[in-house]
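By convention in this document, chain letters (A, B, ...) are assigned in the order of the sequence lines, proteins followed by strands, and residues within each chain are numbered from 1. Source: prediction; values computed, not measured.
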2 protein chains.
Amino acid sequence: MLQLARCDQQAIDLAKAKRVQKWQRDPEGMRLRILEAAKQEFATHGLAGARVDRIAANAGANKRMLYYHVGNKEDLYLAVLEGAYEKIRSEERGLDLEHLDPPEAIERLIDFTWNYFLRNPEFLALLNTENLAKARHLKRSTKVKSMHSPFVEMIRTVVTRGVESGDFRVAVDPVQLYISIAALCFFYLSNSATLSVIFGRDLLKKEARDERLAHMVALVLAALTGKSTADFAKPATPGVRPPAHQPV
Amino acid sequence: MLQLARCDQQAIDLAKAKRVQKWQRDPEGMRLRILEAAKQEFATHGLAGARVDRIAANAGANKRMLYYHVGNKEDLYLAVLEGAYEKIRSEERGLDLEHLDPPEAIERLIDFTWNYFLRNPEFLALLNTENLAKARHLKRSTKVKSMHSPFVEMIRTVVTRGVESGDFRVAVDPVQLYISIAALCFFYLSNSATLSVIFGRDLLKKEARDERLAHMVALVLAALTGKSTADFAKPATPGVRPPAHQPV
DNA sequence: CGGGAAATTAACCTGTTGGATAAATACTGG
DNA sequence: CCAGTATTTATCCAACAGGTTAATTTCCCG
């Protein structure tokens with residue numbers, strides 16, 4: 001079933017052998033494929049909507065393998081969630097804001113958050129699913145709780161530097177600012193489906209995405225620096241404006 | 001089963017009658033109770049996680065009644081979703097921003113959005129559920145698509161007035177601004193469960209909520225007016241700051 | 001007051017789903 | 001090369017969940 005190509009290859013190589021090998025062992029690979037399939041499944045259908053059989057099928061595995069390598073449905077879900085947090089934390093650590101001008105650092109931060117969410121839509125869906133469950137699984141995960149994001153401290157440093165240098169007018173609370181930046185990016189992308197229907201236009205197309213990023217950067221920087229960017233003044237599509245907008 | 005109290009009353013009143021009435025007819029009431037129970041169920045468990053039997057039980061109804069009065073599970077869900085949009089649109093229309101100073105109007109708008117989400121947590125959950133479904137149901141609902149929110153036009157007017165009066169420095173795109181305001185409120189509340197675990201503190205307690213509202217108002221107004229509010233400068237809990245924060 | 005429509009109940013049916021059992025097959029160390 | 005263990009497959013199952021059928025009860029109107 002799995003890795004047929006390799007099996008076929010072996011079939012040729014070992015044509016004289018008594019019998020063709022039906023499958024190969026690959027515990028680590030199997031585990032990875034299971035977790036990847038599970039991530040997609042949970043992100044697409046949520047926890048309750050996810051189907052164990054579908055995960056197995058998409059992993060190219062027998063259903064029994066899920067229970068053998070990871071555990072039951074909830075174990076699987078938690079493993080996926082932990083993996084998702086691990087991944088973003090890892091990428092966050094790669095972001096170096098120390099050597100940048102404070103305004104540039106904030107822009108970089110927004111840019112990273114935005115693009116990470118764009119590149120990893122499953123992460124958004126998983127967080128929503130976990131919040132529907134009132135973080136029931138996260139609470140039990142010492143693993144995730146110990147994965148501190150470097151962003152809040154990064155922001156604290158940047159804001160302090162910005163105030164000292166005169167770039168920023170105010171020492172905003174780094175936790176609030178981080179939540180706000182995440183919020184601006186997260187909501188737009190996570191709710192793009194309903195928002196697109198309500199507004200009657202595709203909020204995920206290139207131009208819309210660019211416009212959104214510019215707006216977010218301009219909004220936050222204007223608040224911090226007191227100076228308004230050119231982008232912040234520019235309305236959506238100058239001249240060509242849809243007759244009626246309907247939010248939320 | 002339903003309205004036992006009234007049945008008991010009748011049992012006393014009509015003691016001489018041949019037999020006690022087992023139940024009363026109440027189509028409208030029944031429909032409302034079904035939709036209310038369905039709303040809670042879908043908000044708590046999502047579409048896939050919702051249980052038709054539980055909805056019936058919580059509505060004090062026989063399961064057959066759901067199908068008789070509304071339809072199957074998906075019909076039920078769509079009815080709930082449409083009801084949710086109807087409700088928020090109705091309250092939105094009650095908000096009069098025309099006679100307020102532009103900055104005051106924006107503050108009022110944020111305040112309303114924040115408190116509406118606080119008072120109606122099911123609305124947040126329903127939107128998330130619908131977005132998980134890629135707005136599949138919303139797309140088929142001409143009802144919702146015709147329910148235009150008055151907010152974008154309100155914002156457009158307020159922003160124009162603000163720029164003319166000199167209160168605002170820039171003519172921000174009303175659609176972007178509306179999404180941003182919704183985002184700041186929505187994300188914080190919708191993700192409060194995971195965020196609370198990650199940050200190790202209750203983001204829904206009174207002080208945290210007040211602090212958040214102040215931050216959002218300050219952020220948006222600072223960006224629009226160019227003047228910073230006192231609130232915006234004040235860090236979270238002066239002096240008493242948790243050692244490590246971890247965003248997202 | 002009685003007959004018929006509307007509303008409600010009780011019981012049932014069938015496909016699905018998470019999970020379990022046990023047998024088969026591949027690999028590894030001796 | 002063989003024995004024992006790790007990995008994988010095939011099959012089964014009991015509980016559940018959405019939905020349906022048919023009988024029962026209430027109410028309204030002529």
* To do: Check whether the ring centres of B/Phe187 and A/Phe187 lie less than 6.0 Å apart, and answer yes or no.
  => no

* Once the angle between the rings of A/Trp114 and A/Tyr188 is folded into 0 to 90°, is it parallel (under 30°), tilted (30 to 60°) or perpendicular (over 60°)? -> tilted

* State plainly whether the residues A/Lys87 and A/Glu122 are in salt-bridge range, i.e. N to O under 4.0 Å. => no

* Rounded to the Å, how far apart are A/Tyr77 OH and C/dG18 C1'? -> 18 Å

* Structure fact -> Rounded to whole Å, CG of A/Leu66 lies from C1' of C/dT17 at a distance of 13 Å

* To do: Report yes if a side-chain nitrogen or oxygen of A/His69 is closer than 4.0 Å to either non-bridging phosphate oxygen (OP1 or OP2) of D/dA6; otherwise report no.
  => no

* **Minimum-distance nucleotide (side-chain atoms of A/Trp23 versus C/dT25, D/dG18, C/dG18)** => C/dT25

* How far apart are the closest heavy atoms of A/Glu92 and A/Ser149, and which atoms are they? -> OE1-OG, 2.8 Å

* Integer-rounded Å distance: D/dG18 P and B/His45 NE2 -> 12 Å

* To do: Return the value, rounded to whole Å, for the distance between atom CD1 of A/Ile34 and atom C1' of D/dT8.
  => 11 Å

* To the nearest angstrom, how far is A/Glu74 atom CD from C/dG18 atom C1'? -> 12 Å

* Asked: More 5' along DNA chain C: A/Gly49 or B/Met65, using each one's nearest nucleotide?
  -> B/Met65

* Asked: Do A/Lys63 side-chain and C/dG19 base share a donor-acceptor contact under 3.5 Å?
  -> yes

* Asked: In terms of side-chain heavy atoms of A/Arg51, which of D/dG18, C/dA10, C/dG18 is nearest?
  -> C/dG18

* Heavy-atom distance under 4.5 Å between the side chains of B/Phe151 and B/Ile88, does that happen here? -> no

* To do: Specify the separation, in whole Å, of atom CG of B/Asp53 and atom P of C/dA10.
  => 14 Å

* When we call it a touch if two heavy atoms are under 4.0 Å apart, what does A/Ala50 touch: a base, just sugar-phosphate, or nothing? -> sugar-phosphate

* **B/Arg25 side-chain proximity, nearest of C/dA6, D/dT8, D/dG18** => C/dA6

* Could you state the atom-to-atom distance from CE of B/Met30 to C1' of C/dA7 in whole Å? => 8 Å

* With the side chain of B/Gln24 defined as its heavy atoms from C-beta on, choose the nearest nucleotide among D/dG18, D/dC27, C/dT8. => D/dC27

* Asked: Just how far, in rounded Å, is C1' of C/dA20 from CG of A/Asn62?
  -> 12 Å

* To do: Determine: side-chain N/O of A/Arg64 to OP1/OP2 of C/dA20, distance under 4.0 Å, yes or no.
  => no

